[in-house]
Amino acid sequence: VLNRTLKRYTDGVKWKFLEHKGPVFAPAYEPLPSNIKFYYDGKPMKLSLGAEEVGTFFAKMLDHEYTTKDIFRKNFFKDWRKEMTAEEKAKITDLNKCDFGDMHEYFKAQSEARKALSKEEKQKNKEENERILQEYGFCVMDNHKERIANFRIEPPGLFRGRGDHPKMGMLKRRIRPEDIIINCSKDSQHPKPPPGTKWKEVRHDNKVTWLVSWTENIQGAIKYIMLNPSSRIKGEKDWQKYETARRLKKCVDRLRAQYRDDWKSKEMRIRQRAVALYFIDKLALRAGNEKEEGETADTVGCCSLRVEHITLHPEKDGKEYVVEFDFLGKDSIRYYNKVPVEKRVFKNLQLFMENKQPEDDLFDRLNTTILNKHLQELMDGLTAKVFRTYNASITLQQQLKELTSPEDNVPAKILSYNRANRAVAILCNHQRAPPKTFEKSMQNLQSKIDAKKEQLSDAKRELKSAKADAKVRRDEKSKKAVECKKKAVQRVEEQLMKLEVQATDREENKQIALGTSKLNYLDPRISVAWCKKWGIPVEKIYNKTQREKFAWAIDMADEDFEF
DNA sequence: TTAGTAACTTAGGAGTACAGAT
DNA sequence: ATCTGTACTCCTAAGTTACTAA
C-alpha cells in the first residue's frame, strides 16, 4: 500500500474519477423588517439593500471589541461606503454618527429565538441540515464515497484577522457561482450551477485534490473545498507525513552532529543556517517565511526572527548563555522562553547581532528556501516542519514511557497520557485563551471534592462502628455489614481520587491547547499502541471524529509499535 | 534572486449540541 | 424537565512548501 501511495505521489496523479455536486452557497440576504431602523445623526434613515446588508455585518459585531478599534472602523467604513448609493454616500460621512443599536438588538433577539425553538422545530432544522449534508457533503473519488470537509461557501461578512491585522474590518464579499472554479473528472456528472448562473470554469485536473476553488477578495488568496480528514487521500498523506518523520528519527543524530560542526564554519551563511536549524530542532520553531509588510499581522518564525526578538544573557538565573525569546508567532500567539544554549551558539548569536538595529533580520543570510534546499540534500523529503512533527511525536512516546505506571488505574493512566500530550503542546507553544468559565468551573469542582471528602469521612466512621459492632456480636450478619461498609469506603475513595485527578488535569490545562498537537503532530499509532498495551479503550483518547481521521492508525498499529 | 501563484497543512476561537446535575 | 457547563464541530485565517517566470 505504501508503494502504491508513493507512486501516486511521485507521478502527481491524485485520482482517476471525481464526481460531486458543487458547493452550497450562503443564504441570500434577508432584508430587515421595516420596524428595525438605522439612525444617522439621531434620525432614522432607510438604507438601500446593499448598504443595509453590509451595515448588518457591523451591527452584529457591536459587542465585540473589534468594532472599537480604529483600523477596524476605518476599513469597514471605507468598504461600506463603496456599497452605498450616491445619496447615502453624500449623507453618511461619519461612522461615529451611525447608530446600529436597534439592528443589534434585533439580531440578539433572533439568536435568542433560535435557542428557544421547540424540540420539534429544532428536530426539523436538524433534518434539513442532514438532507443538505447527504446531498452536497459527499463526493465519489475513484471507488469510494468520501466526506467533503467544507462544502459550504464562506458567507459574506467583515474580515476579522488575528492579532494586529491591518485589514481587519474590510468587507469580505459574497461569493457567486461566477467566482467558482469546479474541478471534477470529465466522465463524471458535472455539478450544475444554480438556475440562471454559470460557473467561472469547469476543469479536470487530477493532479490536485480540490473540488471547488475561488479567489477571496481580502488577500487575493485562493480558497478550496477539499475532502474530510477521514478520506483516503488525506489519510494517506497523513500517514506519509509520519513516515517522513520516522525517517528523520533514523538520521537525526547525523544531522545534529552536522549542524553543530557548522557552527564553526568560516562562512556566515552556513553558521546562520546551522544556528537556525538548532532552534528549529531544539525549540520546535516554525520555518518562518518572509511576509509582505502591511498586508498581514507582524509575526515571525525562525528564519524571520529579528534582533529585537531575542535578548542575550551571559548569565541568568544561575545559568550560563541564556537566550530570551519574545516574539509573536503564527496567529499572533506569543512565544516567550528563556533557554540556556551551547556557548558556540551564544557566540554566534552575538556575531549575528553585531552592528544591527533591533528591526534588522537576525539571520540576514538565510531564508526558508535556502534552509529547505539544504535539508532536502540531507534527507529526501526533509523540510523544516518535519522537525516539529518528529520532535512532537518522539516526545509523546518518551513521556508516555516515563509517566505511565503499570499499577495505576484507568483514570490515572489517562492523566498520564494528558500530561504527555501537554508536554508536546508546551513544546509546540499551542496556547489558548483560558476558558471564560474557568474560575467558576474550578470552584464547582473544588466544592464537589470537599463534599466527597465529607462523604468519605462519614463512610469511614460508619465502617469503624460496624467493626466495633461485629467485634461484640460476632455473628454472620454483622460481619457482612463490615464487608459492605468496607466496599463503600473503597468506592468513595475511588470517586474522590477521580475528582482530584480531574482537578489537577484541568488546572494544568488552563492555558494550553492539547487538540492541535493531537490532531496534527502526534503519530496516532503511538497513542493506539499505548491504549492496546495498557488496555485503555481508544475512545478515551480519541473522540468519534478523531477515530475517523485516524482509522488508518487504529487499523494498523499493534501494542509494539515504535515511532 | 526575487516575486508571484498554487496547493496543501496547521491553528485558535465561535457557536452549538449534548450530557450530567439539579 | 430544565438548566448549565463542557466537548465537539465548524469555521476560516495563517502558516509551509513547491514551483514558475522574469
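Fair warning: this is a prediction, and the values are worked out from it, not measured in the lab. Order of the sequence lines sets the chain letters (A, B, ...), proteins ahead of strands, with each chain counted from 1.
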Quiz item: Taking N and O atoms by type only, does the side chain of K330(A) place a donor or acceptor under 3.5 Å from a partner on the base of dT10(B)?
Solution: yes
Practice problem: Give one of base, sugar-phosphate or nothing for A221(A), where a contact means two heavy atoms less than 4.0 Å apart. | Solution: nothing
Quiz item: Checking all strands, does T545(A) fall into the base, sugar-phosphate, or nothing category for heavy-atom contacts under 4.0 angstrom?
Solution: sugar-phosphate
Exercise. Tell me what P229(A) touches on the nucleic acid: a base, only sugar-phosphate, or nothing, going by heavy atoms under 4.0 Å.
Key: nothing
Exercise. Using a cut-off of strictly less than 4.0 Å, decide whether T299(A) has a side-chain nitrogen or oxygen near OP1 or OP2 of dG15(C).
Key: yes
Quiz item: Looking for any heavy atom pair under 4.0 Å, which part of the strands does F159(A) touch: base, sugar-phosphate only, or nothing?
Solution: sugar-phosphate
Quiz item: Is D164(A) atom CG crowded by more than 12 heavy atoms from other residues, nucleotides or ligands, each under 6.0 Å away?
Solution: no
Quiz item: At under 4.0 Å between heavy atoms, what does R162(A) touch on the DNA or RNA strands: base, sugar-phosphate, or nothing?
Solution: base
Practice problem: Tell me what G301(A) touches on the nucleic acid: a base, only sugar-phosphate, or nothing, going by heavy atoms under 4.0 Å. | Solution: nothing
Practice problem: Could you pick out which residue, S332(A) or A149(A), lies toward the 5' side of DNA chain C when each is mapped onto its nearest nucleotide? | Solution: A149(A)
Practice problem: Quick one: label I333(A) by what it contacts on the DNA or RNA (base, sugar-phosphate, nothing), any heavy atom closer than 4.0 Å. | Solution: sugar-phosphate
Quiz item: Between E548(A) and K544(A), is there a salt bridge with N-O shorter than 4.0 Å?
Solution: yes
Practice problem: Look at the side-chain N and O atoms of R152(A) and state whether any lies under 4.0 Å from the OP1 or OP2 oxygen of dT9(C). | Solution: no
Exercise. Give a yes/no answer on whether the side chain of T516(A) brings an N or O atom under 4.0 Å of OP1 or OP2 in dG12(B).
Key: yes
Quiz item: Considering only side-chain heavy atoms of V208(A), which listed nucleotide, dG12(B), dA7(B), dT17(C), is closest?
Solution: dA7(B)
Quiz item: Between R306(A) and D298(A), does at least one N-O distance fall below 4.0 Å, as a salt bridge requires?
Solution: yes
Quiz item: Parallel, tilted or perpendicular for Y335(A) and F327(A), by the 30°/60° rule?
Solution: parallel
Quiz item: OP1, OP2 of dA13(C) versus side-chain N and O of Q219(A): anything below 4.0 Å?
Solution: no
Quiz item: Which one, dC8(B), dT17(C), dA14(C), comes nearest to the side chain of W210(A)?
Solution: dC8(B)
Quiz item: Touch check for N289(A), heavy atoms < 4.0 angstrom, all strands: base, sugar-phosphate only, or nothing?
Solution: base
Quiz item: Base, sugar-phosphate, or nothing for K167(A), non-hydrogen atoms under 4.0 angstrom?
Solution: nothing
